[in-house]
Amino acid sequence: MDNTAIYRLSYGLFVLTAKGDGTHAEHNGCIINTAIQVTTEPNQISIAVNKANYTHDLVMKNGKFNVSVLSEKADFDTFKRFGFQSGRDVDKFAGFEGCYEKSANGLLYVTKGTNAYISGEVVQTLDLGTHTLFIAKVTDLDVLDKDTPSATYTYYQEHIKPKQQAPAAGKKTKTVWRCRICGYIYDGEELPPDFVCPICKHGASDFEKVEVEA
Ligand code: FE
């Protein structure tokens with residue numbers, strides 16, 4: 001059995017946005033790779049969202065969200081802005097003027113580095129333990145950039161995420177664990193199985209063992 005088979009599944013990448021609940025910023029968003037169309041008649045999509053994300057709670061409370069489809073023009077800063085910090089600490093839309101618009105449902109969608117957005121209204125939820133699966137009716141949608149392909153997860157890994165320097169020949173190396181999502185380094189020979197990335201909140205299964213310069 002080769003567990004890396006799971007990485008052969010292909011995914012898109014999306015900014016999931018929701019309206020604030022009055023305790024923090026007016027709007028919030030996070031990065032997800034789990035938006036898919038599940039039925040065409042009626043038009044419904046599903047998203048799976050980690051419960052650790054503040055956006056998860058907002059979608060749960062509000063029942064509405066937007067999914068902005070990240071394109072190959074998306075830059076790493078957009079991933080850092082929405083993926084590597086929490087809406088419980090910062091206003092993710094601060095300093096992002098001109099890079100988003102408001103849709104008919106009153107929620108924001110991202111226009112920078114995206115090629116479409118879809119508005120959803122939650123019709124069902126399924127508790128999956130670490131995540132909630134939301135099934136939503138599509139209430140609105142539009143194409144923002146018809147010429148740029150959507151960014152796949154593989155495209156992100158190969159072209160958007162900054163490359164880690166390989167250790168120079170002859171240099172002393174050590175083993176560490178690197179988050180495959182954001183690049184965070186856990187310094188240690190063994191990664192605790194319940195470890196959660198402090199930057200992007202992904203679990204131990206998203207870490208890989210690498211050799212870096214000591
Ligand atoms: Fe991470």
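Along the sequence shown, residues carry numbers from 1. Just follow the structure's listing: the first ligand is 1, and inside any ligand the first atom is 1. Everything numeric in this text was worked out from a predicted model, so none of it was measured.
Counting only protein N, O or S atoms, 4 lie closer than 2.8 Å to the Fe ion (ligand 1).
Salt-bridge annotation for Glu121 and Lys64: absent, with no side-chain N of the basic residue lying under 4.0 Å from a carboxylate O of the acidic one. Between Lys51 and Asp127 there is a salt bridge, with a side-chain nitrogen of the basic residue lying less than 4.0 Å from a carboxylate oxygen of the acidic one.
The six-membered or imidazole ring of His56 lies near that of Phe134, with a centre-to-centre distance under 6.0 Å. Taking the ring centroids of Phe65 and Phe14, they lie at or beyond the 6.0 Å cut-off.
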Output a table of donor-acceptor pairs, distance under 3.5 Å, between side-chain atoms of residues 183-192 and any protein atom two or more places apart or on a different chain; print 'none' if there are none.
unit_1, atom_1, unit_2, atom_2, d
Asp187, OD1, Lys174, NZ, 3.4
Asp187, OD2, Lys174, NZ, 3.0

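Note: Phe76 and Tyr156 have parallel aromatic rings, judged against thresholds of 30 and 60 degrees for the angle between ring planes.
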